[in-house]
Amino acid sequence: MPGLLVLKIFLGVAIVAIAAMVAMALYGASSPVPQEVVFSKGYAVRRYWLVAVLVGAAAVFAISVPHFPYPSAATTGRHYTIIARQYFFALPAVIPVNTPVVFDVTSADVNHGFGIYNPRGRLIGQVQAMPDYVNHLPFDFHVPGRYTVRCLEYCGIGHAAMQGSFFVR
Amino acid sequence: MSVPMNVRAARAIMWTYLATGLTIFLLMLLLGIAMRAEQAGWITLAPGSFYSMLSLHGIGMIVAMAIAGLGTLWYFVNREIQLDARIAYTAYGFFVAGVVCVIVAVFPGHYGALWTMLYPLPFIGTYWPSWATGVWLIGNALAIAGFVILCAQMLAALLARYGGFRGVLAIDYVFQHRRFSEEGKEPPPPQMFAAAITAIDGLISSALGMLYGIAMIVHWIDPSVPLNPLWAKNLIYQFGHTFANLTIYIAVAGVYVGLAHCTKRKYHTSVPLVVAWWGTLLFVILAYFHHLYMDFVQNEALQYIGEIASYLAAIPVVVVTIFSGVMLVHRSGLRWGLGALFLYAGMIGWVVGGIAAVLDATIPINFDLHNTLWVPGHFHTYLLEGVLLFILGWMFVQLEQRSGTLSSLLTRWLVGIGIFGGGALFVLGFYIAGAAGVPRRYAIEPAPGPQMASIATIGAIIVLAGFLAMVFEALRMARLPATEANA
Ligand code: HEM
Ligand SMILES: [Cu+2]
């Protein structure tokens with residue numbers, strides 16, 4: 001899910017939560033009542049509220065599962081080997097547009113990250129590059145252009161400069 | 001009289017831990033500002049310095065919060081069952097020795113593989129000498145030892161006091177509720193769940209952390225002994241994530257006790273609260289799988305478990321604790337001293353950071369946010385605007401009670417705007433840049449990183465100002481004469 005969309009959801013929910021908590025603290029503050037009065041009502045609400053939040057979380061989980069980025073037995077596509085090392089990537093020059101591909105990502109030394117940035121500079125997906133292991137990242141590019149790859153796992157002094165690029169055509 | 005002696009000794013321990021934790025915090029805060037200023041392009045550090053400072057800041061901050069919070073937690077447990085003060089000082093010695101080692105590893109050692117020391121990084125292509133890695137590892141082991149000592153002491157005491165795990169975890173209270181109350185029994189107070197969960201999960205993940213540390217020390221001594229990178233990742237994140245997470249559960253004990261005190265109401269143990277804590281007990285040690293979402297070779301079932309465990313470790317306990325905390329404050333007529341203000345604001349920070357965390361713990365979202373600045377965004381929210389505030393809140397509740405006074409309105413505004421306002425600005429910079437895909441742990445960031453870092457640096461400097469105002473106020477209150485009741 002695009003980061004900026006997540007940011008909007010987050011800010012929306014956070015503002016509501018902050019406003020609710022501030023309001024509960026201020027509302028009726030000048031006319032205190034005994035604890036039992038607040039709690040007899042509150043406990044009843046709390047039970048439903050807890051159930052509602054858990055049902056919400058279960059729903060989010062269910063919705064998220066079909067969008068997991070992991071390869072499955074049905075994953076097909078042309079394979080491209082990606083080798084990361086301190087502090088550069090060995091990348092293919094060109095990836096075909098609108099074609100399922102699979103990146104076979106590994107590292108020749110320490111852990112790195114393989115983060116793909118679209119031509120507008122947005123992060124659109126990633127996978128770790130780990131020594132001794134190969135991670136398979138299925139992808140399908142729909143927009144042609146120049147994509148930037150950045151390292152997304154701290155790997156040493158050159159980490160911030162570790163980047164590369166490929167074209168989607 | 002032996003009881004006041006015990007109380008006085010326990011207070012001394014609490015204040016020693018608090019003062020030490022907050023002093024380390026202040027030093028790490030200065031490092032934090034320097035790092036953010038470098039990302040903003042305001043200053044230039046020598047190559048590598050950023051990562052050495054980041055290593056120290058990350059571990060130092062978490063340990064600072066743990067030390068400050070553990071002193072308080074120990075004090076609360078001691079109120080239920082008397083603890084041996086010498087053990088707390090022994091643990092303190094280990095913490096201090098650990099912190100000294102870690103500092104030496106960074107200044108002058110230049111260690112720069114971060115708190116994660118992700119195998120094989122600290123051994124390959126390094127810009128620091130091998131001894132620095134060794135001292136860093138030993139420092140970590142010492143700090144873990146201090147933590148283990150405290151956890152073991154508190155757990156043993158709780159088991160003795162409440163009758164084994166069954167009593168500590170209030171099993172009968174939940175499953176045989178009627179009989180339990182008919183027999184006139186009482187479940188442990190809420191802060192004892194914080195202590196029990198901290199101790200149990202703390203011991204489990206310390207064992208795993210120690211395992212990692214020892215494996216790393218072995219590899220450091222004899223590099224021909226290979227480790228498995230995937231196992232290494234699992235172990236270090238299990239330990240690191242759990243430990244960082246536990247700092248919240250350590251500090252939240254201050255909310256249970258402190259907020260009840262400010263509002264002159266009772267924070268009861270209830271069945272939902274107990275069940276929520278069971279959720280945390282069980283799931284907090286599994287939630288770390290979310291650190292490995294982008295390791296596609298990790299068994300896929302663990303990824304599912306990671307998402308579910310992340311939700312269940314956090315959501316119930318936050319919902320129940322915060323809901324009760326809000327009820328406690330609602331129409332209580334409490335007077336907003338700095339103590340109450342910090343505790344309540346801390347709950348808000350906990351919720352807001354929690355929302356950001358739950359979003360990022362959702363795998364399709366993590367695909368676009370993993371290892372971006374969103375991650376420091378969420379944890380700085382709940383650490384700086386949650387854990388720290390719980391600790392400060394409890395501290396001010398003590399100071400207010402002792403002196404029988406509250407801070408002036410001006411002081412409250414200054415401290416409030418500084419720490420909450422500056423803090424909001426500071427974390428917002430992380431969120432916006434992270435959402436735009438700017439990676440975390442970059443000494444030099446791509447756009448819009450530097451612009452956001454400028455705003456964040458201003459926010460962080462405002463936090464520093466607010467924090468210093470808070471320190472002066474705390475010292476002023478500490479020097480006021482104690483009221484009769486507290487003399
Ligand atoms: C205003 C106060 C603070 C400032 C200015 C600050 C600044 C920073 C900066 C610039 C980073 C690096 C972000 C990146 O590019 O990845 C960072 C990371 C971090 N901070 Fe803070 N921080 C503050 C407070 C805290 C607090 C209160 C805690 C914990 C209690 C904390 C714990 C950490 C941790 C664990 C990391 C991650 C280290 C890593 O990536 O290995 N910080 N902080
Ligand atoms: Cu890197």
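Naming convention: chains lettered A, B, ... in sequence-line order (proteins, then strands); numbering from 1 in each chain. Computed from a predicted structure; not experimentally measured.
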Engaged part of [X] at the chain A interface, taking heavy atoms whose separation is under 4.5 Å:
X: Y431(B); answer: both
X: V358(B); answer: neither
X: S324(B); answer: both
X: L369(B); answer: both
X: D360(B); answer: neither
X: V351(B); answer: side chain

Legend entry - Output field: ring centroids F68(A)/Y304(B) closer than 6.0 Å: yes
Inset, instruction - Mind ranking A17(A), A14(A), A29(A), S31(A) by heavy-atom pairs under 4.5 Å with chain B and telling me who comes out on top? - result: S31(A)
Inset, instruction - Could you have a look at Q126(A), R150(A), H136(A), Q163(A) and say which one has the most heavy-atom pairs with chain B under 4.5 angstrom? - result: Q126(A)
Inset, instruction - Check the pair L121(B) / D109(A) against side-chain contact (heavy atoms from CB on, under 4.5 Å), numbers first and verdict last. - result: CA-CA 8 Å; L121(B) 179 60; D109(A) 41 44; over 6 Å; no
Given that the side chain runs from C-beta out, which part of [X] has a heavy atom under 4.5 Å from chain B: side chain, backbone, both or neither?
X: V37(A); result: neither
X: A25(A); result: both
X: Y27(A); result: both
X: Y117(A); result: side chain
X: P34(A); result: backbone
X: L5(A); result: neither
X: E153(A); result: both

Measure the [atom1]-[atom2] distance between [X] and [Y] for me, rounded to the nearest 0.5 Å.
X: L292(B); Y: M130(A); atom1: CG; atom2: CE; result: 7.0 Å
X: L428(B); Y: L7(A); atom1: CG; atom2: CG; result: 7.5 Å
X: H67(A); Y: T362(B); atom1: NE2; atom2: OG1; result: 12.0 Å
X: Y154(A); Y: T116(B); atom1: OH; atom2: OG1; result: 8.5 Å
X: F10(A); Y: I365(B); atom1: CZ; atom2: CD1; result: 12.0 Å
X: R85(A); Y: I124(B); atom1: CZ; atom2: CD1; result: 12.0 Å

Legend entry - Steps toward side-chain contact (heavy atoms from CB on, under 4.5 Å) verdict (Y344(B), M24(A)): CA-CA 11 Å; Y344(B) 203 77; M24(A) 284 300 285; 4.3 Å; yes
Legend entry - For I157(A), the option from S49(B), S52(B), P47(B) that meets side-chain contact (heavy atoms from CB on, under 4.5 Å): P47(B)
Taking every heavy-atom pair that is under 4.5 Å apart, which of [options] has the most such pairs with chain A?
options: P122(B), A345(B), G125(B); result: G125(B)
options: V319(B), T372(B), D295(B); result: D295(B)
options: E445(B), M294(B), K266(B); result: M294(B)
options: T126(B), N228(B), I315(B), N366(B); result: N228(B)
options: L359(B), I444(B), I322(B); result: L359(B)
options: G48(B), P316(B), P446(B), A443(B); result: P446(B)

Inset, instruction - For residues A160(A) and Y51(B), report the shortest heavy-atom separation together with the two atoms involved. - result: CB-OH, 3.7 Å
State, yes or no, whether a side-chain contact exists between [X] and [Y] at a heavy-atom distance under 4.5 Å.
X: E300(B); Y: S72(A); answer: no
X: L230(B); Y: D132(A); answer: no
X: F123(B); Y: V110(A); answer: no
X: V352(B); Y: I18(A); answer: yes
X: E307(B); Y: V65(A); answer: no
X: P131(A); Y: P120(B); answer: yes
X: K233(B); Y: Q128(A); answer: yes
X: V320(B); Y: L50(A); answer: yes

Legend entry - Neighbourhood of chain A inside residues 326-336 of chain B, taking heavy atoms under 4.5 Å as contact: V326(B), M327(B), L328(B), V329(B), H330(B), R331(B), S332(B), G333(B), W336(B)
Inset, instruction - Check for a donor-acceptor pair, side chain of Y311(B) on one end and backbone N or O of L54(A) on the other, with a separation under 3.5 Å. - result: no
Legend entry - Polar side-chain atom of D368(B) near backbone of G3(A) as donor-acceptor pair, under 3.5 Å: no
Inset, instruction - Among F296(B), Y293(B), F367(B), find the one that has a ring-ring contact (aromatic ring centres under 6.0 Å, His included) with Y70(A). - result: F296(B)
